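Lettering follows sequence order; numbering is per chain, from 1. These numbers were taken from a predicted model, which means no experiment stands behind them. Reckoned from all heavy atoms, side chains included, excluding hydrogens, waters and symmetry mates.
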Amino acid sequence: MTGQPFDYFWLGKLSIDSLPFVEFIRDPNSNTAVGAFAKAAAIGGAMGLMVLLTVFGKWRVFWHEWLTSLDAKKIGIMYIVLAMVMLLRAVIEAGFMRAQQMLAVEQPGPLAPEHFGELFSTHGTIMIFFMAMPFLIGIINVVMPLQIGARDVKFPLLNAISLALTAAGAVLIMISLVIGKFSTGGWSGYPPFTELAFNPGAGVDYWIWAVTLSSIGNTLTGINFAVTIYKLRAPGMTWFRMPLFSWTALCTSIIMIFAMMPLTVATLMLALDRYAGFHFFTNALGGNMMNYTNLFWLFGHPEVYIVILPAFGVFSEVFSTFSGKRLYGYHSLVFATMAIAVLSFCVWLHHFFTMGETADLNAAFGIATMLIGVPTGVKVYDWLLTMVRGRVRLTTAMLFSIMFMVTFVIGGLTGVILANPPVDFAVHNSLFLVAHFHNMLIPGTLFGMFAAYYVWFPKMFGFRLSEKWGRISFWCWSFGFYLAFMPLYALGLMGAMRRSAQWFDPQYLPWLVVAFCGALLILAGLASQVVQLWVSIRDRDTTRVPGGDPWDGRSLEWSMSAPPPEYNFAVIPQVHDRDAFTWMKKNGTSYTAPEHYEDIKMPKNSIVAPVICALTAALGFALTWHIWWLTIASFIAVWATVIARSFCQNTEETIPASQVREEHERWLRSVKALKPAPREHETTSANQGLAEVVV
Amino acid sequence: MNKIRKYSRHPGLNMGSTDPETHEAAETLLFGFWVFLMSDLVLFALLFADYAAQSQHGVAGGPTPGDILDLKNPFIETMLLLVSSFTFGLAALAMKYRQDRTRLVFWLVVTFALGAGFVGLEVYDFTDMISKGHGPQTSGFLSAFFLLVGTHGIHVSSGLIWLLVLLVQVFVFGLNRNVKTRLMRLAIFWHMLDVVWIGIFTFVYLFGVA
């Protein structure tokens with residue numbers, strides 16, 4: 001309650017101190033300088049984007065082709081762009097954290113402890129909710145409808161609204177960088193530390209609303225994807241003809257439907273504690289933080305599999321495609337995926353072995369945790385056997401996949417160690433744990449998403465990414481990963497606790513220096529990906545793949561032009577085989593004109609999603625700063641938008657059959673003019689997206 | 001046989017014999033809505049679990065469920081909600097068999113009135129409890145109580161707003177396919193809230209006073 005009542009009514013808890021750069025001007029030192037740098041980067045990035053859009057006159061295109069689009073492919077690309085922007089921020093934050101820990105051995109280091117707390121909280125929150133989730137949801141949006149032979153997801157507007165909610169959450173996190181401070185409670189936000197009594201500032205509220213918005217968006221996404229896969233598969237695409245990536249998309253969606261809700265409930269209950277004086281997780285009057293811990297990990301553990309399963313799907317596609325071989329052990333991979341999805345709900349307690357359960361209970365959950373290693377092991381063997389006697393091509397995507405397999409097995413091993421409660425008692429909350437989950441998430445989820453980005457980029461944009469810079473980024477990321485995280489295992493065993501802003505043991509120093517070098521190498525990897533994107537766009541005329549099939553693909557998404565038409569398929573294909581497109585190529589039915597075309601109904605663009613994005617971001621901001629008039633106004637406006645939309649009857653447009661015919665036949669003619677590329681020229685300009693068919 | 005399977009795929013879908021086209025179009029929509037309801041039920045499951053824990057361990061020297069809960073108003077609320085589900089069923093039948101809107105609108109209005117009665121009585125109960133010093137800030141038990149029962153109440157209230165919007169749409173658009181499938185979805189939403197309320201009445205109120 002700062003300032004006069006008048007200010008409080010209009011501005012809530014906002015004050016001069018929450019403005020950017022004020023802290024730096026008042027007290028310039030290394031700590032506030034880093035903060036000022038971050039604020040400048042965030043503001044500069046946003047301004048730069050606006051200047052670019054204005055200079056190139058792209059506002060109109062940006063609005064009509066992107067923001068208001070209901071096309072799942074474009075929504076997917078927007079998700080991926082969001083993920084990459086957030087990845088950039090979170091990796092830079094990681095660099096600062098490594099620097100701080102290296103420089104803070106027996107001295108304070110450049111950053112204040114509070115600032116360090118903000119860094120690990122935003123880093124974790126962003127990496128999970130605004131990097132991993134949007135990345136995988138984006139890839140699924142682009143690929144899954146194409147793979148199952150659908151024109152779009154079942155609920156296109158809902159899809160756009162999911163993106164809007166996730167983006168609003170991301171906007172809140174970015175605003176927290178500029179105005180005020182973020183939570184210091186870590187990505188898991190444990191009370192009672194995050195309760196009002198210990199954390200009266202706006203930071204925790206930023207965290208609560210950013211996470212709540214994104215979790216609601218993700219629930220809706222899960223529903224949308226699951227229904228799409230259940231109901232919109234092309235004729236002939238039985239369950240066991242569905243590509244493995246779509247299977248993992250389905251399992252992930254099912255987990256999302258069940259697992260996002262505990263998070264939403266937990267954050268809303270924490271909000272009720274903080275805003276309305278309830279006693280769910282407080283220390284007094286019957287509150288109990290264990291309720292939060294249970295709810296959070298009831299979400300948190302399935303979340304691990306939400307982010308890893310789609311990566312498993314990507315790797316399955318990559319191993320099969322780049323070995324030129326049918327996926328080995330398809331059925332066992334499907335069952336393993338399902339088994340992991342089910343087991344993911346049976347192990348949440350291993351996140352708090354040390355918090356008071358009986359030994360018997362710990363043992364049960366420890367055993368359940370180790371069981372997950374079994375289906376995961378099955379997968380690793382299947383991937384290995386897919387490569388056996390295949391004609392393996394070591395493209396960037398394949399390199400990432402192989403590196404994943406080796407590194408992930410190491411991470412799995414340390415996971416089994418941690419699953420043993422007595423061991424966990426010794427190493428929990430240490431850097432050993434930090435090393436373990438980075439060991440799973442970076443080679444697992446992140447490398448999977450990178451592989452997906454390389455493989456499907458040509459499908460999204462019609463040209464390939466630079467192979468050379470892809471390889472450079474691969475080596476940087478791989479070595480960077482090992483250098484940055486293997487020392488943390490050792491440090492953890494030496495007793496270094498996670499989230500420490502300062503050390504008192506000089507023996508840590510050499511390990512921390514190595515880890516910092518690894519972080520620099522990872523930054524170099526990220527930078528080379530930026531360069532790669534730049535170089536690839538510059539040289540796009542030499543890497544175009546108008547044929548749409550640059551990798552001799554096996555599933556339906558490779559059967560149309562790149563980028564695909566808005567309606568995906570001129571005519572919904574009939575599926576005959578698990579490798580649907582390979583079957584078509586071998587039987588000569590690919591690139592053939594159907595006998596007749598039909599009118600296609602597609603959803604019209606809608607302004608609902610960007611409006612909801614703006615309104616929910618305003619709602620989150622208003623709640624964070626206790627600006628009640630804006631809270632009420634934006635909440636009502638969100639629902640008014642939804643209701644107004646329900647009065648809009650004319651939401652579809654028809655693409656006439658003649659236009660579909662013309663576009664499709666023009667593409668078929670252009671494919672006829674292409675020269676089929678043999679696989680050894682896959683990464684040269686000879687690859688125009690038409691694969692040589694080897695019968 | 002084939003026909004039966006086709007026409008009874010998802011509960012809540014009953015237009016097969018009178019409006020097959022809407023029936024077809026609604027099939028995936030309704031399936032999607034069932035999936036949504038499932039995630040909504042996860043929400044209630046979690047709130048029930050939290051209530052189970054906090055009504056026992058979160059009393060903190062304050063009132064226990066047995067001290068402050070009684071069955072009179074909750075029983076009336078139960079009756080109101082159950083009857084409103086029945087009248088929504090009558091509305092669904094009217095939508096299916098009747099060409100004129102009058103009977104449909106009549107039953108929807110009755111449903112609205114019963115639902116509003118439910119919410120009104122619940123709000124009365126809540127304010128009564130708060131005025132007696134048994135508000136949600138009193139203890140972990142009461143926090144959990146207000147969250148569980150209140151979340152159900154918010155659901156019913158949003159159902160009422162939805163019903164109002166659809167009543168307007170019945171007049172603006174007539175009984176077109178969109179309006180029909182929306183009414184079907186609201187119907188299963190309404191019935192689900194009934195089921196959840198039975199859970200609350202049993203678990204919170206009956207167990208509470210026992």
Side-chain angles (χ1 to χ4, degrees), chain A residues 153-155 158 215-216 218-220 222-228 230-232 253-254 256-266 268-269 272-273 276-292 294-295 298-299 345 639-640 642-651, chain B residues 9-10 27-47 49-64 135-148 150-151 158 161-162 164-166 168-169 172-173 176-179 182:
Chain A
V153 294
K154 177 60 204 167
F155 305 109
L158 191 69
S215 70
I216 295 172
N218 293 337
T219 310
L220 299 177
I223 294 169
N224 209 343
F225 286 165
V227 174
T228 304
Y230 272 106
K231 294 292 179 185
L232 297 191
S253 312
I254 293 174
M256 278 191 210
I257 295 166
F258 285 95
M260 296 315 296
M261 204 48 100
L263 175 68
T264 316
V265 170
L268 288 180
M269 284 162 85
L272 283 171
D273 274 5
F278 282 45
H279 289 284
F280 291 117
F281 316 126
T282 53
N283 281 345
L285 290 175
N288 189 340
M289 69 81 68
M290 282 313 295
N291 288 333
Y292 180 91
N294 268 297
L295 284 173
L298 205 51
F299 144 79
F345 285 97
W639 288 104
V642 172
I643 291 172
R645 162 73 187 192
S646 76
F647 281 85
C648 186
Q649 293 285 296
N650 191 10
T651 57
Chain B
R9 256 208 192 135
H10 299 298
E27 210 252 0
T28 47
L29 279 181
L30 235 65
F31 176 70
F33 198 73
W34 275 109
V35 178
F36 162 74
L37 289 185
M38 195 156 65
S39 74
D40 212 25
L41 282 173
V42 174
L43 164 70
F44 282 108
L46 297 165
L47 297 185
D50 181 63
Y51 181 80
Q54 294 215 296
S55 62
Q56 295 293 314
H57 304 295
V59 174
T64 63
Q137 292 90 351
T138 314
S139 69
F141 148 58
L142 280 161
S143 295
F145 171 85
F146 275 91
L147 183 64
L148 171 59
T151 304
S158 12
I161 296 172
W162 190 0
L164 274 187
V165 172
L166 286 186
V168 173
Q169 295 196 344
V172 175
F173 302 123
N176 70 13
R177 185 177 299 164
N178 276 345
V179 175
R182 281 168 193 168

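Heavy atoms closer than 4.5 Å to chain B are found in the side chain of A/Tyr230, but not in its backbone. Interface residue B/Ala144: backbone and side-chain heavy atoms are both found under 4.5 Å from chain A. At a 4.5 Å heavy-atom cutoff, A/Thr228 makes no contact with chain B through either its backbone or its side chain. A/Met269 touches chain B through its side chain: at least one heavy atom from C-beta onward sits under 4.5 Å away, while N, CA, C and O do not. Of the two parts of B/Phe141, neither the backbone nor the side chain holds a non-hydrogen atom closer than 4.5 Å to a non-hydrogen atom of chain A. Neither the backbone nor the side chain of A/Leu158 has a heavy atom closer than 4.5 Å to any heavy atom of chain B. For B/Thr138, the part lying under 4.5 angstrom from a heavy atom of chain A is the backbone only. Heavy atoms closer than 4.5 Å to chain A are found in the side chain of B/Leu47, but not in its backbone.
Ranked by heavy-atom pairs under 4.5 Å with chain B, the list A/Pro262, A/Ala259, A/Gly222, A/Gly287 is led by A/Pro262.
Contact of the B/Ser39 side chain with the A/Met260 side chain is not registered, since no non-hydrogen atoms from C-beta on lie closer than 4.5 Å. Counting heavy atoms from C-beta outward, A/Phe647 and B/Val165 have side chains that approach closer than 4.5 Å. Proximity of B/Met38 to A/Phe258: side-chain heavy atoms (C-beta onward) are separated by under 4.5 Å at one or more points.
Within the model, atoms NE2 of A/His279 and CD of B/Gln54 stand 10.5 Å from one another, a figure rounded to the nearest 0.5 Å. Separation of atoms CG (B/Leu46) and CG (A/Leu298) is listed at 6.0 Å; rounding is to 0.5 Å. We find the OG-CD distance between A/Ser646 and B/Gln169 to be 4.0 Å, quoted to the nearest 0.5 Å. Taking CD1 of A/Ile643 as the reference point, atom CH2 of B/Trp162 lies at 11.5 Å (rounded to 0.5 Å). Interatomic distance, CG of A/Asp273 versus OG of B/Ser143, reported as 6.5 Å (0.5 Å rounding). A/Leu232 contributes atom CG, which lies 6.5 Å from atom OG1 of B/Thr28 (distance to the nearest 0.5 angstrom).
Here the shortest heavy-atom pairing between B/Ala60 and A/Gly286 reads CB-N, 3.4 Å.
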Derivation and outcome, side-chain contact (heavy atoms from CB on, under 4.5 Å), residues A/Trp639 and B/Ile161: CA-CA 11 Å; A/Trp639 288 104; B/Ile161 296 172; over 6 Å; no
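Using modelled atom types, no side-chain atom of A/Gln649 and backbone atom of B/Asn178 make a donor-acceptor pair closer than 3.5 Å.
With respect to B/Val35, the side-chain contact (heavy atoms from CB on, under 4.5 Å) criterion is satisfied by exactly one of A/Ile223, A/Asn224, A/Ile254: A/Ile223.
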